[in-house]
Amino acid sequence: MDARLNLLGNPFAGTFLKHLSSAGKVVTDSALPAVTQELVKIRASQINGCGFCTDMHTKEAAHAGENVTRLHLVAAWREATVFTEAERAALELTEQGTRIADAAGGVTDEAWATAAQHYDEPQLSALVALISLINAYNRLNVIIRQPAGDYRPGQFA
């Protein structure tokens with residue numbers, strides 16, 4: 001299976017991805033916990049059906065020491081007891097922010113208030129930016145049918 005477009009071999013796409021990566025670095029360097037960042041990227045990628053990003057972020061999380069049980073349960077986080085209340089709030093905000101077209105009002109006030117109980121304003125800003133960014137990456141990869149399974153941790157570092 002080949003992607004419809006070679007993002008890394010296309011000058012325009014390369015420039016665009018460089019800017020997305022720069023935005024990602026701002027989030028990575030934020031006060032939002034690294035574990036939360038990976039959980040958010042995994043959950044949005046699962047919802048969007050982005051195999052490439054799901055592969056990348058589960059492998060990066062495992063490489064960073066994330067527990068395999070938690071990785072397996074991200075898709076069923078509501079029924080799982082292995083996530084903190086703060087992580088659950090971030091996952092709820094991620095789901096609502098990713099499925100924004102499915103709800104008449106977008107993200108609910110309740111989901112926002114719950115997240116705000118666990119994260120301060122700089123962390124909330126990073127969380128919103130991350131949800132937006134991973135959705136952009138997911139859409140790029142789904143549109144071009146980027147194959148999944150061959151990612152190696154640190155490949156794009």
Side-chain angles (χ1 to χ4, degrees), residues 7 13-143 146 151-157:
L7 293 178
T15 300
F16 182 74
L17 288 172
K18 184 172 90 173
H19 290 287
L20 280 181
S21 293
S22 293
K25 177 84 168 103
V26 174
V27 175
T28 299
D29 293 344
S30 75
L32 185 65
V35 170
T36 302
Q37 291 185 38
E38 288 303 326
L39 294 175
V40 164
K41 290 184 269 191
I42 292 165
R43 187 63 189 125
S45 299
Q46 291 171 334
I47 292 166
N48 288 322
C50 184
F52 184 82
C53 290
T54 301
D55 180 42
M56 173 193 292
H57 296 298
T58 54
K59 287 177 179 174
E60 287 292 348
H63 184 72
E66 180 59 83
N67 177 297
V68 68
T69 300
R70 285 169 43 94
L71 291 175
H72 288 300
L73 290 172
V74 171
W77 65 268
R78 282 183 178 81
E79 293 80 26
T81 59
V82 296
F83 300 104
T84 68
E85 289 303 313
E87 290 167 342
R88 298 169 73 72
L91 289 165
E92 180 65 34
L93 194 64
T94 300
E95 287 196 4
Q96 289 191 25
T98 299
R99 294 183 167 134
I100 205 160
D102 296 341
V107 174
T108 65
D109 290 338
E110 180 183 8
W112 183 262
T114 302
Q117 290 174 0
H118 298 283
Y119 301 101
D120 61 22
E121 191 166 313
Q123 290 173 319
L124 281 170
S125 297
L127 183 55
V128 170
L130 178 59
I131 294 166
S132 301
L133 183 63
I134 191 60
N135 274 281
Y137 274 119
N138 290 164
R139 280 152 176 74
L140 280 169
N141 287 315
V142 169
I143 290 167
Q146 185 67 41
Y151 181 81
R152 295 173 319 280
Q155 181 174 329
F156 297 123

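Owing to the predicted nature of the structure, the values given are computational and were not obtained by experimental measurement.
Residues satisfying the side-chain contact (heavy atoms from CB on, under 4.5 Å) criterion with T108, sequence neighbours excluded, are Q96, E110, A111. Applying the side-chain contact (heavy atoms from CB on, under 4.5 Å) test to L20 and every residue at least two apart in sequence or in another chain returns F16, L17, L133, Y137, L140. In this structure N135 satisfies the side-chain contact (heavy atoms from CB on, under 4.5 Å) test together with A44, N48, T98, I131, R139, sequence neighbours excluded. Considering only residues two or more places apart in sequence or on other chains, A61 meets the side-chain contact (heavy atoms from CB on, under 4.5 Å) condition with E38, I42, E66, L71. For F52, the ring-ring contact (aromatic ring centres under 6.0 Å, His included) criterion is met by no residue, not counting sequence neighbours.
For the residue pair D55 and T58, the shortest heavy atom distance occurs at O-OG1, 3.2 Å. In terms of heavy-atom proximity, T28 sits nearest to Q37 at CA-OE1, 3.4 Å. Nearest heavy-atom pair, N141 versus C50, reported as atom, atom and distance to 0.1 Å: CB-SG, 3.5 Å. Residue N138 comes nearest to S45 through the heavy atom pair ND2-OG, 3.0 Å, listed as atom of the first residue, atom of the second, then distance. What you find for V27 and A126 is that their closest heavy atoms are CG1-O, 3.9 Å. Here the closest heavy-atom approach between residue R70 and residue F83 is recorded as O-CZ, 3.4 Å.
The shortest side-chain heavy-atom distance between E95 and W77 falls under the 4.5 Å cut-off. In this structure, N67 and V82 have side chains that are not in contact, with every pair of non-hydrogen atoms separated by 4.5 Å or more.
Rounding to the nearest 0.5 Å gives a distance of 9.0 Å between NZ of K59 and OH of Y151. With values rounded to the nearest 0.5 angstrom, H57 atom NE2 is found 14.5 Å from H63 atom NE2. Residue E79 holds its CD atom at 9.5 Å from CG of L73, rounded to the nearest 0.5 Å. Distance check: L130 CG to L93 CG gives 10.5 Å after rounding to the nearest 0.5 Å.
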| task | Test K41 against E60 for salt bridge (charged side-chain N to carboxylate O under 4.0 Å, His left out), laying out the working first. | result | CA-CA 11 Å; K41 290 184 269 191; E60 287 292 348; over 6 Å; no
| task | Before giving the answer on side-chain contact (heavy atoms from CB on, under 4.5 Å), spell out for R43 and I47 the whole-Å C-alpha distance, their side-chain angles and the decisive distance to 0.1 Å. | result | CA-CA 6 Å; R43 187 63 189 125; I47 292 166; 3.7 Å; yes
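Although no hydrogens or angles enter the test, the distance criterion places a donor-acceptor pair under 3.5 Å between the side chain of Q155 and the main chain of R152.
Few gaps surround CG on D29; more than 12 heavy atoms of other groups in view lie less than 6.0 Å from it.
Pairs of residues two or more places apart, or lying in two chains, never qualify as side chain to side chain donor-acceptor pair (under 3.5 Å) while including a residue from residues 114-129.
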